[in-house]
Chemist: 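Take a look at this one; I'll ask things after.
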Amino acid sequence: MTENVINLHKPTDPPTGQNAPTVLTVVPDSAPAPRLPLWVRSGRAVKAAATDENTKTVVRAVARHSLYTFNGGRIVARRTWDGRTGARYERMIRAAEAAGNLEVAEEWEERLQRFRQARHHRRMDLLHSPVEAAKGVAVGTGMSVGVLVALGIVMAINTKHPADVITPLAATIDFIATLIRIIQIVWGPALTIAPFLALLALWAVGSKQQAAPQWALPANARSSEGEPITPSIVVKALRDLGVPALRNAIKDMGDAGASMLGPIRIAGCGVEVDVTLPSGVATNEVQQRRRKLAENLTRHEHEVFITIPEAARTVRLWIADSGALDEPIGPSPLVTDETMTADYVKGRAPWGQDLRGDAAELSVYQRHMLVTGRSNQGKTAALRALALWLALDRSVQFWIADLKGVGDWSMFQGVADVLIEGPSDDHVIQATEMVEDAVEEMNRRIQVRLTDPKAVFPPLIVLVDEAQKAFMCPAIDDQKRPYGGSKATSRYFMAVRTIHNQGRAVDVLMWQGTQDPTDQNLPKLVREGAHTRASLVLGSESQAKMALGDKAVEDGAAPHMLRQGLDKGTLVVASDGITMPKGQSSITVRTHFIDDEPAEAIASRARALRDGITTLRVVDRTEERDRLADIAAVLGTDTRVLTQEVLKRLAALAPDAYGNWSFIDLKRVLDGTGAEPYKSDGRMVIGRDRLARALADRDEQGSASASE
């Protein structure tokens with residue numbers, strides 16, 4: 001409640017003299033709120049009542065039990081119709097014909113003919129039944145009366161009373177009269193109760209079949225998540241998919257809709273089934289309704305995968321056990337087996353597991369590679385796992401450029417011949433020159449191969465992580481040639497294209513990891529030059545096609561359906577270097593995650609196999625550093641970065657200059673620039689835009705000083 005303000009003041013025309021009265025005026029702090037109109041208050045009350053949980057519960061209950069009764073009547077009517085007609089047999093015949101099984105169709109046709117003959121005989125019998133029934137009643141009545149009279153005669157002889165002759169007949173008549181009176185008494189209430197009993201019977205049928213929409217079912221019935229996948233559940237899910245031709249075909253088949261399904265096979269942490277679609281239904285009509293199909297199967301969208309096998313008009317469904325994809329798959333064999341070695345030519349890298357639970361192993365022999373996906377989804381970890389395995393083959397050489405520069409590849413010190421780490425344009429220039437050196441090495445090998453066709457060369461893996469930085473680099477060399485871009489003048493683009501065109505023949509291979517693919521940060525010719533293309537979660541189907549190719553996505557590959565943050569390390573792979581089911585053009589792999597410490601242990605084993613490699617660190621770390629520019633460089637394209645992460649990136653960029661830096665050192669450099677650390681969500685961060693303005697202001701001041 002607000003306090004009132006008491007003003008002490010003289011009146012406007014006060015009396016003169018010292019005895020002038022003082023006026024006390026009470027001024028309210030604020031005027032009272034106006035009362036809302038009645039229709040507004042009534043509307044709010046109605047809305048509150050309508051949205052109340054108790055109201056929703058009552059509405060669901062009324063709808064549920066009403067639909068139980070209505071749909072129960074439909075079920076009983078359908079059963080009655082099937083029992084009285086040949087509809088069931090005709091549906092079986094159509095289902096067999098749709099499946100191409102003519103022998104079964106003929107068998108059901110014979111059963112239909114027998115049913116029709118039996119029904120014809122019953123109807124002919126009904127034509128003669130009234131006469132036969134009348135004769136039967138007459139004969140039966142006469143015999144009954146005769147028996148009763150004979151029984152009365154026996155009683156009369158025994159009792160010596162002639163009147164006992166009619167005693168059995170009279171007793172029978174009295175009994176019949178009593179039954180008639182009982183029926184007369186019960187008949188009225190029975191007619192009143194009968195409709196309610198009939199409705200109760202229909203309700204019982206509908207309730208048993210759960211014949212109501214999902215929203216109207218009780219919570220325990222709606223929460224069928226995780227229920228076993230059966231043929232009837234799959235058929236019902238397909239029927240309710242919203243494809244009219246599919247729904248009508250299944251409706252005509254009746255219970256025989258299961259004939260569309262192949263065997264339901266256990267496949268890893270789920271089941272797999274092939275569905276042969278009826279004529280008039282295209283496979284892409286099912287693919288486009290993945291979410292609805294998953295929900296019809298009581299699964300989440302990410303727990304159902306739809307692929308296209310070789311068989312015509314067929315879709316293959318893989319349905320995970322509820323929650324199984326959120327469970328870890330276990331450590332990599334590289335971590336658990338310290339005796340493991342690699343073979344570039346014949347070996348396969350233990351990359352993870354496919355959805356069926358089988359080991360997913362990748363051959364890297366003479367295959368260029370592209371791994372893409374959103375930031376912080378496991379792209380570097382997936383690429384590094386392959387490189388760590390291949391490092392255990394002592395013949396393989398590595399030239400690595402890590403354009404993130406936060407130490408993700410630092411364990412390759414002593415394993416790689418070249419290691420570039422950093423996000424600045426200078427690092428991109430050095431990475432470009434490294435790839436161009438690889439082109440020269442490739443050309444040298446080709447010349448040797450021309451003179452000696454049997455010449456063998458050690459495999460050279462040219463690896464660029466965060467390659468989008470190279471394609472988007474604005475730097476230009478002395479000859480006005482851009483380092484980045486996707487034109488024929490781009491140095492990085494042309495070097496990569498040259499290796500893609502000819503490097504495979506002499507074992508010079510290009511491996512790239514990049515963020516969300518677009519035509520700007522990953523040109524089409526570079527995308528299509530990779531033999532192994534793998535993608536983590538992406539934002540759209542168009543990006544998925546850029547990452548994996550149109551065919552893979554059209555056949556069911558869906559990295560854009562993966563969950564941001566929840567499906568880290570899950571890759572959709574299109575490659576002939578990995579074993580996948582026959583007819584599929586892609587496979588989903590849950591990769592093993594190898595943390596920094598075990599990665600360092602694996603790299604130590606790789607160093608032990610090699611003859612003391614001295615890694616060339618291209619960046620000169622003793623040079624005079626522009627601290628503000630270095631901080632801006634490590635921020636990269638991130639809007640804001642935690643101060644601890646900035647310190648880590650600076651240490652990776654220049655250990656000699658920033659290795660011992662603390663938050664105090666970082667704050668001292670930024671104080672007074674307008675880019676000081678500030679809190680975001682309770683944690684200290686540095687903003688990219690603020691730092692960019694600070695650099696621009698510094699440059700302007702420097703230019704003004706120079707002009708003066």
Side-chain angles (χ1 to χ4, degrees), residues 62-130 132-133 190-217 221 230-261 275-281 296:
V62 171
R64 177 169 66 252
H65 294 294
S66 300
L67 290 169
Y68 279 168
T69 305
F70 176 76
N71 290 326
R74 292 178 56 191
I75 294 171
V76 171
R78 181 65 178 270
R79 290 174 179 174
T80 303
W81 178 259
D82 285 347
R84 307 291 289 180
T85 67
R88 177 185 294 110
Y89 300 95
E90 292 173 357
R91 286 200 303 272
M92 295 297 183
I93 292 171
R94 287 194 296 270
E97 289 175 346
N101 197 334
L102 298 181
E103 294 181 359
V104 174
E106 291 176 357
E107 181 181 348
W108 280 109
E109 189 173 3
E110 291 177 2
R111 293 183 183 183
L112 176 59
Q113 292 299 327
R114 290 196 296 268
F115 169 80
R116 287 174 174 171
Q117 290 175 1
R119 184 178 61 184
H120 175 72
H121 288 310
R122 288 195 301 271
R123 289 175 176 175
M124 294 303 297
D125 291 341
L126 287 175
L127 295 176
H128 304 286
S129 60
E132 299 296 332
L191 288 178
T192 303
I193 297 173
F196 296 99
L197 294 177
L199 291 175
L200 181 61
L202 296 179
W203 176 89
V205 173
S207 175
K208 185 176 181 180
Q209 296 293 326
Q210 295 288 302
Q214 284 292 317
W215 62 267
L217 294 177
T230 62
S232 60
I233 288 176
V234 177
V235 171
K236 186 176 183 297
L238 293 168
R239 184 195 68 195
D240 299 338
L241 203 54
V243 181
L246 181 59
R247 181 181 63 249
N248 294 335
I250 295 176
K251 183 179 178 181
D252 291 340
M253 295 183 212
D255 294 338
S259 62
M260 297 190 305
L261 308 183
V275 181
T276 302
L277 301 176
S279 178
V281 181
N296 290 348

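Both backbone and side-chain heavy atoms feed into the values below; hydrogens, waters and symmetry mates do not.
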Chemist: What are the two closest heavy atoms between Asn296 and Ala237, and how far apart are they?
Modeler: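 Residues Asn296 and Ala237, closest heavy atoms: ND2-O, 3.1 Å.
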Chemist: Which heavy atom in Leu261 sits nearest to a heavy atom in Val235, and how many Å separate them?
Modeler: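 Scanning both residues completely, I find the closest heavy atoms to be CD1-CG2, 4.0 Å.
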Chemist: Show your working on side-chain contact (heavy atoms from CB on, under 4.5 Å) between Gln113 and Arg116 and close with a plain yes or no.
Modeler: CA-CA 5 Å; Gln113 292 299 327; Arg116 287 174 174 171; 3.8 Å; yes
Chemist: Using the rule given for side-chain contact (heavy atoms from CB on, under 4.5 Å), can you reason through Ile250 versus Met260, listing the C-alpha separation, both sets of side-chain angles and the distance that settles it, and then say yes or no?
Modeler: CA-CA 9 Å; Ile250 295 176; Met260 297 190 305; 3.7 Å; yes
Chemist: From Leu199 CG over to Phe70 CZ, what is the distance, rounded to the nearest 0.5 angstrom?
Modeler: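 Between Leu199 CG and Phe70 CZ, I get 13.0 Å after rounding to 0.5 Å.
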Chemist: Out of curiosity, Glu106 CD to Glu109 CD, how far, rounded to the nearest 0.5 Å?
Modeler: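 CD of Glu109 is found 7.5 Å from CD of Glu106.
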Chemist: Do you know the tightest heavy-atom contact between Gly280 and Ala245?
Modeler: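 The answer is O-CB, 4.0 Å.
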Chemist: Are there more than 12 heavy atoms of other residues, nucleotides or ligands under 6.0 Å from atom CZ of Arg119?
Modeler: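 Enclosed.
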Chemist: So how far is it from Leu112 CG to Glu110 CD, rounded to the nearest 0.5 Å?
Modeler: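 Rounded to the nearest 0.5 Å, the CG-CD separation comes to 11.0 Å.
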